[in-house]
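So the structure is just underneath, and the comments pick up after that.
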Number of protein chains: 2
Amino acid sequence: MGVDIKTHIISRAEPVFDENGFAATGMDRLTQAAQVSSRTLYKHLGGKTELICAVLDARRQRFFDQLDVDSVDALFAALETWARTEGARGCFFLRAQGEMGGREPAVAAQVSNYRRELHERIARVLANDLGEAADGDLLDQILVLFEGATSMASYRGPAAFAAARSAAARLLNRTTGHANQ
Amino acid sequence: MGVDIKTHIISRAEPVFDENGFAATGMDRLTQAAQVSSRTLYKHLGGKTELICAVLDARRQRFFDQLDVDSVDALFAALETWARTEGARGCFFLRAQGEMGGREPAVAAQVSNYRRELHERIARVLANDLGEAADGDLLDQILVLFEGATSMASYRGPAAFAAARSAAARLLNRTTGHANQ
DNA sequence: GACGATGTAAAACGCTCGTTTTACATCGGT
DNA sequence: ACCGATGTAAAACGAGCGTTTTACATCGTC
């Protein structure tokens, strides 16, 4: 077989959840998307909750693979590229948390994984950009911009990334866009 | 009667949707929360979709009533106060859009109303703060910070507002928190 | 004091969901 | 040639959903 069925089902399920929501997506649409029978899906994944967790795990890895950059500016550029190719419907993990996290601890755990890795990644990129470890306040500011761009992009598109990018540059004392005094 | 039943049902439904999600909340929990029979709820609201729209409308009014401020700094302070009293589970309207907006145009319309008013409000506050109308780029930067603080507060709490606030001050050339150069 | 409006309580309806089960096809390895 | 593993197709399940309906209580008003 080419790729194993489990990976295939997970990758086909991801855009379906992304576009239709988690709770609102029925198992029939997932089997149809993966072109497998429901029996096969249950044999390989166990159930809907486990499938959602596997999708979250796969997306996290894919997301951070694409965000493997060296500067804050490149970080927002990579985020914009992600949104352009994958679509921007608000943070996938925040939505998963809102829809399932309260009732499914396994989903909440996956969301926590994502947030921890996001924090680490921003700290790493920022340290590399500055040449030294950034203080927590600046890190939080960049994190706010990252979250904000993700949310705002769902209804304002590329303008969200442009705004986040220029704001980050100013916070790093790299004057772009607006005059600094 | 004290307040009319329709308003009562709406105000009781809001925290239930906020805490359990829209799709996942059943009508029985809403009737139970409002202490009315299902027949009364349907007579006054029409159905679940109309109830959700009414809840969104009420929340928007309440939200912007509390955000009636004169400066950007006061805007983020008011947002923090809101989060402290109402809870922070991510943007209520973004979640409504993700769960129902795709299938229910009336919900999507309410979300659009909120976003338009948010944009106007930030423009007004910013103009009042600067003494002149702000350019679109700065407005978008503040909007990113607003959205980002709302999202990030759901898992980092007050740190999100502190970060957004100090970042906004720097973008407005009011150096606080970090040294400028 | 009968009446209409307005409320409750609870059963029922039709639908969809996640999941399991039944019956059958395919195919590589010994 | 056959067997076990692995797949499909589709029916069936129990539960929960949004909604409607039936039956009955309450109460201000003419």
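Residue numbering restarts at 1 for every chain, and letters A, B, ... go by the order of the sequence lines.
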Take B:Arg62 and B:Glu14 through the salt bridge (charged side-chain N to carboxylate O under 4.0 Å, His left out) test and state the conclusion after the steps. CA-CA 12 Å; B:Arg62 210 158 53 80; B:Glu14 192 188 313; 2.5 Å; yes
Go through the side-chain N and O atoms of A:Glu50 and A:Tyr42 and say whether any donor and acceptor fall under 3.5 Å apart. no
Side-chain donor-acceptor pair under 3.5 Å between A:Gln141 and B:Ser166, yes or no? yes
For D:dT19, take OP1 and OP2 only and decide whether either is under 4.0 Å from a side-chain N or O of B:Ser38. no
Find the distance A:Gln32:CD to D:dT8:C1' and express it as a whole number of Å. 15 Å
Nearest-Å distance, CD1 (A:Ile9) to C1' (D:dG7)? 11 Å
Using the ring pair (Phe, Tyr, Trp, His ring centres under 6.0 Å) criterion, which residues pair with B:Phe146? Sequence neighbours excluded. none
With sequence neighbours left out, what residues match B:Phe161 under ring pair (Phe, Tyr, Trp, His ring centres under 6.0 Å)? none
How long is the gap from CD on B:Gln97 to CD on B:Glu104, to the nearest 0.5 Å? 11.5 Å
Report the distance from atom CD1 of A:Ile5 to atom P of D:dA5, rounded to the nearest whole Å. 16 Å
Listed in order of residue number, which residues of residues 41-49 of chain B have a non-hydrogen atom at under 4.0 Å from DNA chain C? B:His44
Nearest-angstrom distance from the residue atom CD of A:Glu99 to P of C:dG18: 12 Å
Checking A:Ala74 now: which residues fulfil side chain to side chain contact (heavy atoms under 4.5 Å, CB included) with it, not counting sequence neighbours? A:Val69, A:Ser71
Please report, rounded to the nearest Å, how far the C1' atom of D:dG18 is from the CD atom of B:Glu104. 12 Å
Could you run down the sub-3.5 Å N/O contacts of the protein with nucleotides 23-27 of chain C?
| from | atom 1 | to | atom 2 | distance (Å) |
| --- | --- | --- | --- | --- |
| C:dA23 | N6 | A:Arg39 | NH1 | 2.9 |

Please name all residues satisfying side chain to side chain contact (heavy atoms under 4.5 Å, CB included) with B:Arg39, sequence neighbours left out, ordered by chain then number. B:Ser37
Under 3.5 Å, which donor-acceptor pairs link side chains of residues 105-115 of chain A to any protein atom two or more places apart or in another chain?
| from | atom 1 | to | atom 2 | distance (Å) |
| --- | --- | --- | --- | --- |
| A:Ser112 | OG | A:Ala108 | O | 3.4 |
| A:Asn113 | OD1 | A:Arg116 | NH2 | 2.8 |

Under the side chain to side chain contact (heavy atoms under 4.5 Å, CB included) rule, collect the residues that match up with A:Ala162, sequence neighbours excluded. none
Is B:Leu79 close to B:Phe63 at the side-chain level, that is, under 4.5 Å between some pair of heavy atoms? yes
At how many degrees, to 10°, do the end axes of the helix from C:dG1-D:dC30 to C:dT30-D:dA1 meet when each uses five pairs? 10°
Of the options D:dG7, C:dG7, D:dT8, whose atoms approach the side-chain atoms of B:Thr40 most closely? C:dG7
All N/O donor-acceptor pairs, side-chain side in residues 23-31 of chain B, below 3.5 Å, sequence neighbours left out:
| from | atom 1 | to | atom 2 | distance (Å) |
| --- | --- | --- | --- | --- |
| B:Thr25 | OG1 | B:Gly21 | O | 2.5 |
| B:Arg29 | NH2 | B:Asn20 | OD1 | 3.4 |
| B:Thr31 | OG1 | B:Met27 | O | 3.3 |
| B:Thr31 | OG1 | B:Asp28 | O | 2.8 |

Under the side chain to side chain contact (heavy atoms under 4.5 Å, CB included) test, residues paired with A:Asp68 that sit two or more places apart: A:Arg121, A:Arg124
Just to be sure I understand the geometry, which residues of residues 19-28 of chain A put a non-hydrogen atom under 4.0 Å away from DNA chain C? A:Thr25, A:Gly26, A:Met27
Atom pair distance, as rounded to whole Å: CZ in B:Arg29 and C1' in D:dG18: 16 Å
